Structure formats: structure tokens, C-alpha cells
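Step one of this worksheet: look at the structure below.
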Amino acid sequence: MNTLLAPSLLAGDHAALNDSVRQAADAGASWLHLDIMDGHFVPNLTFGPQTLAALRPRFPELFFDTHLMLDEPHRYIEPFVKAGANLVSIHIEPDYDHAGTLRRIRDLGAQNGIVLNPATPPEAVEHLLGLVDLVLVMTVQPGFGGQSFRHDCLPKIARLHQWRAERGLGYRIEVDGGVDLATAPLCRAAGADTLVAGTAFFKAADRAAFLAAVTA
Ligand code: DX5
Ligand code: ZN
């Protein structure tokens, strides 16, 4: 599978989001990672469907990879797909109808993803693997950018990669948190094909070179 970088807008300039998305597109990104937080599932708040809807017509070519860090994601699927999300990923940890919500995302015309926190074992999502387009492995505790990569999550990536091959499945394996020039190769060696980078991408002196280096 081709390797993709999804720059995370969380690390962009929130007073000039349009400029930050432009920087991602100009660097050669085809995906943009959008972090949605509710102040309950994670102790932080970001932005909502209105922000996606405003960016959507300005960047019609970008794939909006939308990561919902919400206690009740099933309540917000339709607004985010209508706002222009191409993929909506939802966490396994809260208690709601995961399978039904994943199906609903597809029924509305978007791709879906299931997300695991660092402490969540891969077995927690095993029963859903046939239903998903993407599995997102958090390599930091979600809520904030700029945290250190958790190496203890690498075996989880390898397990999901092994299951994908053994079962003939086609989901992408994405990593999110602390991905930089040093940790991206570790993620790729473990089997990740989709890399989220916020701080390392936006702080890079040459963003196009950063993108090329982590995806080459
Ligand atoms: C954290 C978010 C990440 C965040 C990653 O809760 O899910 O997408 O933007 O930021 P960095 O790359 O700075 O660790
Ligand atoms: Zn994220």
C-alpha cells in the first residue's frame, strides 16, 4: 500500500486555518487530518463541522481525514459527512453501537475508521476489522499535539498488519501522535501506511521535504 502523510491541522495556526491548510496542500499532502474534541472524551476542545464546511470548497482536492475524539460520536456523523469529511474515524473506548456507527458512515458516502487509544489492545477492534476502511493507532494519549511518541504501541501496529495480511483485508493502518523524522520509519517498519503529523510537519523548515522524507 502507498504511504500517505496527513498533516494535522491541530498544529496549524487557528487564527489562519486557511493558510495552514494551504501550507499542507503546497507541501504535497493529499490528506488533511482534522482533530475533533469534545472536552469529555478528551480534556480539550477544537472545532466542529462548520470549520470543515468552510474549508471544503477552498480545498476540493484534499481528503479530509476526520478524527472524532467524542464520547458520543454517533450523534455527529451526519453533520461531519455533510460538511465534507471524506473519512470519519471513531474511538472504540466509549460505549455506543460501534458497528452500526461504522456502517452509518459508509451509508452516508464516506469512508470509516476505528481508533484505539494507547492502552487499548488490538483485540478490542478485532471483530470490526471486516467493516472498516482504516484503523487508527494512537501513539499518544489523545487530546493534545506535541507529545512524545509511545514506542510501546509499535507491536499493536505489527499485529494489525499481520491480521490484515492473514485475513485478506484492505484497511489502511494509520498512526497519530509524536510522528516525526525519527519515529515515522519505526511506524512504517511495523506496518503503518498512513502517518499523521502535526507539530513535526508544521514546524519543519521545509514541509515538502518532510513529507517526501517520511513517505519515500
Ligand atoms: C492528538 C491528535 C493528533 C495531534 C498529533 O489528540 O489526535 O492528531 O494533532 O499531534 P503531534 O503530531 O504534534 O503529536
Ligand atoms: Zn488525530
Side-chain angles (χ1 to χ4, degrees), residues 3-14 17 20-21 23-24 27 29 31-49 51-52 55 62-71 73 76 80 85-94 105 110-120 125 132-154 156-157 171-188 192-205 207 210-211 213-215:
T3 304
L4 292 171
L5 175 72
S8 172
L9 194 55
L10 185 64
D13 178 352
H14 287 235
L17 290 176
S20 294
V21 181
Q23 288 167 355
W31 281 36
L32 180 75
H33 187 80
L34 297 133
D35 287 303
I36 313 301
M37 305 186 187
D38 67 353
H40 294 271
F41 180 66
V42 291
N44 197 4
L45 296 159
T46 52
F47 41 75
T51 304
L52 271 77
L55 292 169
L62 273 184
F63 185 94
F64 283 5
D65 169 30
T66 311
H67 174 194
L68 302 188
M69 284 159 272
L70 312 176
D71 265 335
Y76 298 93
F80 278 103
N86 298 96
L87 184 147
V88 179
S89 58
I90 56 174
H91 274 258
I92 188 68
E93 292 83 11
I105 295 168
Q111 294 184 36
N112 66 24
I114 191 75
V115 194
L116 301 89
N117 276 341
T120 304
V125 300
V132 298
D133 298 300
L134 176 145
V135 180
L136 170 50
V137 175
M138 291 306 301
T139 41
V140 298
Q141 187 63 23
F144 299 92
Q147 304 181 72
S148 297
F149 182 85
R150 287 189 45 169
H151 290 76
D152 60 327
C153 297
L154 288 168
K156 193 174 350 186
I157 300 168
Y171 52 82
R172 301 194 72 92
I173 302 173
E174 184 174 52
V175 288
D176 184 7
V179 175
D180 58 21
L181 289 172
T183 58
L186 307 176
C187 297
R188 290 185 64 185
D193 45 66
T194 310
L195 309 169
V196 176
T199 306
F201 175 80
F202 281 102
K203 286 219 163 102
R207 298 188 186 96
F210 177 88
L211 184 145
V214 297
T215 57

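We count residues from 1, following the sequence as given. All ligand and atom numbering here is 1-based and tracks the order in the structure. This structure is a prediction, so every number in the text was calculated from the model and none was measured.
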(message) So which atom in Leu62 and which in Asn86 form the shortest heavy-atom distance, rounded to 0.1 Å?
(response) O-OD1, 3.5 Å

(request) Would you name the N/O/S atom of Asp35 that lies closest to the Zn ion (ligand 2)? (result) OD1

(message) Does ligand 1 come near enough to Gly146 that some N or O of the ligand is less than 3.5 Å from an N or O of the residue?
(response) yes

(request) Please identify which atoms of ligand 1 are closer than 4.0 Å to at least one heavy atom of His67. (result) 7 (O)

(request) Using a strict cut-off of 4.0 Å, indicate which atoms of ligand 1 neighbour a heavy atom of Leu10. (result) 4 (C), 9 (O)

(message) Evaluate Asp176 against Ser8 for side chain to side chain contact (heavy atoms under 4.5 Å, CB included), listing each step before the verdict.
(response) CA-CA 9 Å; Asp176 184 7; Ser8 172; 5.6 Å; no

(request) Heavy-atom contacts with Asp35 under 4.0 Å: which atoms of ligand 1 show up? List them by number with element. (result) 2 (C), 3 (C), 4 (C), 7 (O), 8 (O), 9 (O)

(request) I would like to know whether Leu52 and Leu34 meet side chain to side chain contact (heavy atoms under 4.5 Å, CB included); could you show each step before the answer? (result) CA-CA 8 Å; Leu52 271 77; Leu34 297 133; 4.2 Å; yes

(message) Whether the side chain of Asp180 engages the backbone of Ala182 through a donor-acceptor N/O pair (distance < 3.5 Å, no angle test) should be reported.
(response) yes

(request) Could you tell me which atoms of ligand 1, counted from 1 in the order shown, lie closer than 4.0 angstrom to a heavy atom of Met37? (result) 6 (O)

(message) Given 3.5 Å as the limit, does a donor-acceptor pair link the side chain of Thr139 with the main chain of Phe149, or not?
(response) no

(message) Before you tell me yes or no, could you show the steps for Leu195 and Arg188 under side chain to side chain contact (heavy atoms under 4.5 Å, CB included), namely the whole-Å CA-CA distance, both residues' side-chain angles and the distance that decides it to 0.1 Å?
(response) CA-CA 9 Å; Leu195 309 169; Arg188 290 185 64 185; 4.3 Å; yes

(message) Contact between Val196 and Val179 at the side-chain level, heavy atoms closer than 4.5 Å - yes or no?
(response) no

(message) Give me the residue, atom name and distance of the protein heavy atom closest to atom 12 (O) of ligand 1.
(response) Gly198 N, 2.8 Å

(request) Apply side chain to side chain contact (heavy atoms under 4.5 Å, CB included) to Phe144 and Asn44, showing your working. (result) CA-CA 7 Å; Phe144 299 92; Asn44 197 4; 3.4 Å; yes

(message) Under a 4.0 angstrom heavy-atom cut-off, which atoms of ligand 1 come close to Met69?
(response) 6 (O), 7 (O)

(message) At under 4.0 Å between heavy atoms, is it the side chain or the backbone of Phe144 that contacts ligand 1, or both, or neither?
(response) backbone

(message) Taking 4.0 angstrom as the limit and counting only heavy atoms of Gly177, give me the atoms of ligand 1 inside it, by number and element.
(response) 14 (O)

(message) Whether the side chain of Lys156 engages the backbone of Thr120 through a donor-acceptor N/O pair (distance < 3.5 Å, no angle test) should be reported.
(response) yes

(message) Students should be able to answer this: which protein heavy-atom is nearest to atom 10 (O) of ligand 1, and at what distance?
(response) Gly145 CA, 3.5 Å

(message) Tell me whether Thr46 contacts the main-chain N or O of Asp35 through its side chain, where contact means a donor paired with an acceptor under 3.5 Å.
(response) yes

(message) Side chain, backbone, both or neither: which applies to Ser8 and ligand 1 if a contact is any heavy-atom pair less than 4.0 Å apart?
(response) side chain

(message) As a check for students: among Thr46, Val179, Asn44, Asp176, identify the option with a heavy atom nearest to atom 5 (C) of ligand 1.
(response) Asp176

(request) Answer yes or no: does an N/O atom from Gly143 fall short of 3.5 Å to an N/O atom of ligand 1? (result) yes

(request) Could you tell me the residue and atom name of the protein heavy atom closest to atom 13 (O) of ligand 1, and the distance to it rounded to 0.1 Å? (result) Thr199 OG1, 2.5 Å

(request) Considering the heavy atoms of Ala197, write down every atom of ligand 1 situated less than 4.0 Å from one of them. (result) 12 (O)

(request) Fit a plane to each ring of His67 and His91, take the angle between them on a 0 to 90° scale, and name the class: parallel (under 30°), tilted (30 to 60°) or perpendicular (over 60°). (result) parallel

(message) Quick check for you: with the Zn ion (ligand 2) as the vertex, what angle do ND1 of His67 and OD2 of Asp176 span, to 10°?
(response) 100°

(request) Spell out, as yes or no, whether a donor-acceptor pair under 3.5 Å connects the side chain of Gln111 to the backbone of Leu134. (result) no

(message) Only heavy atoms of Pro142, strictly under 4.0 Å: list the atoms of ligand 1 that pass.
(response) 6 (O)

(request) Check whether any N or O atom of Gly178, backbone or side chain, sits under 3.5 Å from an N or O atom of ligand 1, and answer yes or no. (result) yes

(message) Is there a polar contact between ligand 1 and Gln141, counting only N or O atoms under 3.5 Å apart?
(response) no

